[in-house]
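Every heavy atom of this structure was used, including side-chain atoms; hydrogens, water molecules and symmetry mates were not. Atoms within a ligand are numbered from 1 in the order they appear, just like the ligands themselves. Numbers here are sequence positions counted from 1. Since we're looking at a predicted model, the values are computed, not measured.
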Amino acid sequence: MNQLNETFNQHIEIEDDRTGLSIPTLRRAIADNLFYVQGKFPSIATENDYYMALAYTVRDRLLQRWLASSNSYIENKTRMVCYLSAEFLLGPHLGNNLINLGIYDQIHRAVEELGLNLDILIAQEEEPGLGNGGLGRLAACYMDSLATLEIPAIGYGIRYEFGIFDQEIRDGWQVEITDKWLRYGNPWEICRPEITYEVKLGGYIDHYTDHNGNYRSYWHPDLVVKGVAYDTPILGYQVTNANTLRLWKSEAPESFDFQAFNVGNYYGAVDKKIVCENISKVLYPNDEQFEGKQLRLEQQYFFVSCSLQDMITLHLLYGGKIETFHEKFVAQLNDTHPSIGVAELMRLLIDDHKLNWEKAWKITTHTFAYTNHTLLPEALETWGLDLFAKVLPRHLEIIYEINRRFLEEVALKFPNNQGIINSLSLIGEGDRKVVRMANLACVGSFAINGVAALHSQLLTETVLHDWYQLSPQKFSNKTNGVTPRRWIVLSNPRLTNLISLKIGTHWIKNLDELRKLEEFINDDIFCKSWRQVKTDIKKDLAQKVKQQQKIILNPESLFDIQVKRIHEYKRQHLNVLHIITLYNRLKKNPKLDIVPRTFIFGGKAAPGYFMAKLIIKLINSVGEVVNNDPDIHDRLKVVFIPDYNVTNSQRIYPAADLSEQISTAGKEASGTGNMKFSMNGALTIGTLDGANVEIRVCVGEENFFLFGLTTPEVAQIKNNGYNPWHYYQNNASLKEVIDQIASGYFSHGDYNLFKPFVDSLLYDDQYLLLADYQSYIDCQDRVAEVYRNKEHWAKMSILNVARIGKFSSDRSIRDYCKDIWKVHPHPVELIDLCPDGQCRLRN
Ligand code: 26Q
């Protein structure tokens, strides 16, 4: 052995401060970072200083794995998954990284020895709320599973300076507060100022013939924006693989200000700088409601262009030929938001890399795959032609050409069928001409999928029916999943310990192993511990609510929870109709023996969505009356937990007895909260919608509270001319509830406040609340009866957890890898940094 190797081997005996995992080393590293990164003595350090010192300690350990992963992927030229998403709703990193590194307990001890409390430090982190809800959170769960399954992957998105707004409740109304998540710095990201791309916007196109006689285009933009890469490592659970989440920040190119400055237009230069920086400034806070704002189109194009340029650069840098791009990269479109990528890749290949149309089209259509997340017509992305031409003139030309060639093929396949041509065209020709992004995504992708079995089926029957007729082989279902690392291990340590005590810990990576819990269904001690765990968690939540909202909750009551974005199709207001129904029963008969319930709500409303904001006000108004009515004797409580986000949700899911999944059948694409609740032992009351259908099959129909119309029944009732009045007039308790809201009973006599709400129910009721009301009430009565038998309820709860394995995002990602992406695991070996500055594989 030569001397260098000897030195190296000696060195790894002594733990390095930046990679070592023993408690003394971790403690030393935290103290060191406090001094050298935060610049503080312990005596004056704040909790946030300690959080930062701890975060840097953890980051160092991630870096070692991350560099090893990037290096290994590059050296081996592995095929990569690129997950393109306008949203990544990651939630706080610290706790999750401790779990995935496997050092939660060591850090707990190290921090304790420093006289600190880990929970308090974890609570310091401002979560990166770079998403609205389900779609953004799904992207985050998928990043966790990709790394855990050792799949080479990059997530590409936008580094919004302001994420989803913080919600405050004032006088029962939602108030939006700017989310300043970067205020104290972000220790989890690394800025890469050398990784930048230019993105053109606006202007006009010149056409010319080059010296080889080829027809060419040159884009003269109005504005050039620079995208700068910010990278965050995403470590898998107990593996060395750490993938990259690369988010783009927009800046002004350096050249700009100087040019304008030199001609004396200082303010003009500053203006342009602001315009450039605005692109990644703020997340649009509407979900499931399309709004055709220019800045939003610019955001989408900006991040997709940077990402595709980055992918091509990486491919060429490591010796790939442009012609084989699609062999090394597959790009998953998370909804239509990144679907401009289809036209952008064509542009890059043709205009910049000089490929001909046919070659470029082959590469493009072998690169993209598209996931649809919604059937709601108002959510479908269509951009007015004028706006589109103004922002992306070259892309419009390309889209016209894609469309011309494509519709020729369609006409050959479906002769004399103008109907199908109209529906498949990339351009909508109604009273307003538009570019249809879903059609662009479909034509440019080799695979199209929905996010739950029912949703995927409805896609082929409704919004994408004609695409299915044209290319049935492109279609498949990929039912959503969520990561058990964040949604059980991190958020529910008590349940995790109880489960692991019985069946070991392999279930964390192989969720189907939870099935082993079924063996213990008749083990009284286990069932009792199960109930105890749930009660303890409910007590924790009750304490938090007391502290924050001064409302006292009874942990013995049934915790009935609905947390998700506020939307009429999700029917939070149906839940409210049930609360008022119970309230009225008690008012009429104060001695009635009912199961005490705590109704918990949480969720944000899009700032411009009037009815959603009115629903929040209604929940709070009903809460005020119910919670303070002495006749109720605390048997009913209603709480609206403000600022529902990833951090808060981690306290809420584990505390639920009952999970409300009550959308109008056919409207919720999948839902993922439904899975998180069930994984934490809540029973579901739900309609046959989205993934509820599959959850019910898995957990067993006897362990699921089903109610309501089915999708075909919804269609039928609407076809027959739905009349909500009929239900109102023929159902006394329903009529009483609605009349009460209309009379001002819950609004201090103000009968105007909820009038829009009452009118919408009585004269429109798009989401069939009145049609489903009785079925919902009957089902809730069954819920209450079952809950009286606590032993039986616990068994149903255990069975829900035992049979929920399918809904791990690991299963979803395996399905994507096998059926769509054709990528394989690539395990990474750990690299040690050596004293001579060289990297070697650990022996
Ligand atoms: C689009 C254009 C302009 C501005 C905003 C948007 C926009 C932003 C976010 C449109 C939609 C969204 C989010 C949609 C979403 O979260 N959908 C949910 O996706 C989940 C993951 O698949 C499903 O489980 C839910 O059923 C679905 O509602």
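Gly671 N, 2.8 Å is the protein heavy atom nearest to atom 24 (O) of ligand 1. For atom 1 (C) of ligand 1, the closest non-hydrogen atom on the protein side is Arg296 NH2, 3.5 Å. With hydrogens left out, the protein atom closest to atom 27 (C) of ligand 1 is Glu288 OE2, 3.4 Å, a heavy atom. Shortest contact from atom 9 (C) of ligand 1 to any protein heavy atom: Glu87 OE2, 3.3 Å. For atom 10 (C) of ligand 1, the closest heavy atom belonging to the protein is His337 NE2, 3.5 Å. Of the protein's heavy atoms, Asn286 O, 3.3 Å lies nearest to atom 8 (C) of ligand 1.
Judged by the shortest distance from any of its heavy atoms, Thr374 lies outside the 4.0 Å radius around the atoms of ligand 1. Not a single heavy atom of Trp383 sits closer than 4.0 Å to an atom of ligand 1. The closest approach between any non-hydrogen atom of Arg565 and ligand 1 is not below 4.0 Å.
A salt bridge links Arg811 with Asp815: the distance from a Lys NZ or Arg NE/NH1/NH2 to an Asp or Glu carboxylate oxygen falls below 4.0 Å. Here Asp144 pairs with Arg485 in a salt bridge; the nearest charged N to carboxylate O distance falls below 4.0 Å. Between Lys604 and Asp643, at least one side-chain N (NZ, or NE/NH1/NH2) sits under 4.0 Å from a carboxylate O, which counts as a salt bridge. One finds a salt bridge joining Arg159 and Glu189 here, because a Lys/Arg side-chain nitrogen approaches an Asp/Glu carboxylate oxygen to under 4.0 Å.
Applying the 6.0 Å contact sphere to NZ of Lys718 captures more than 12 heavy atoms from other residues, nucleotides or ligands.
For ligand 1 and Tyr569, the ligand atoms under 4.0 Å from any heavy atom of the residue are 28 (O). Remark: ligand 1 atoms within the under-4.0 Å shell around heavy atoms of Asp287 are 9 (C), 11 (C), 12 (C), 13 (C). Short contacts between ligand 1 and Ala669, defined as distances under 4.0 Å to a heavy atom of the residue, involve ligand atoms 26 (O).
Ligand 1 has no N or O atom lying under 3.5 Å from any N or O atom of Gly133, backbone or side chain. Of the N or O atoms in Leu135, one or more lie within a sub-3.5 Å distance of an N or O in ligand 1.
In the candidate list Thr336, Asn480, Asn674, Val451, Asn480 is nearest to atom 21 (C) of ligand 1, counting heavy atoms. Taking all heavy atoms of His373, Lys667, Lys570, Glu668 into account, the minimum distance to atom 25 (C) of ligand 1 is reached by Glu668.
When only modelled atom types and interatomic distance are considered, Asp466 and Ser423 share a side-chain donor-acceptor pair under 3.5 Å. A side-chain donor from one of Asn372 and His455 sits under 3.5 Å from a side-chain acceptor of the other.
Under the 6.0 Å cut-off for aromatic ring centres, Tyr816 and Trp821 qualify, their centroids lying closer than that.
Under the salt bridge (charged side-chain N to carboxylate O under 4.0 Å, His left out) criterion, Glu298 pairs with no residue at all, not counting sequence neighbours. Arg394 is linked by a salt bridge (charged side-chain N to carboxylate O under 4.0 Å, His left out) to Asp351, Glu397, counting only residues two or more places apart in sequence or in another chain.
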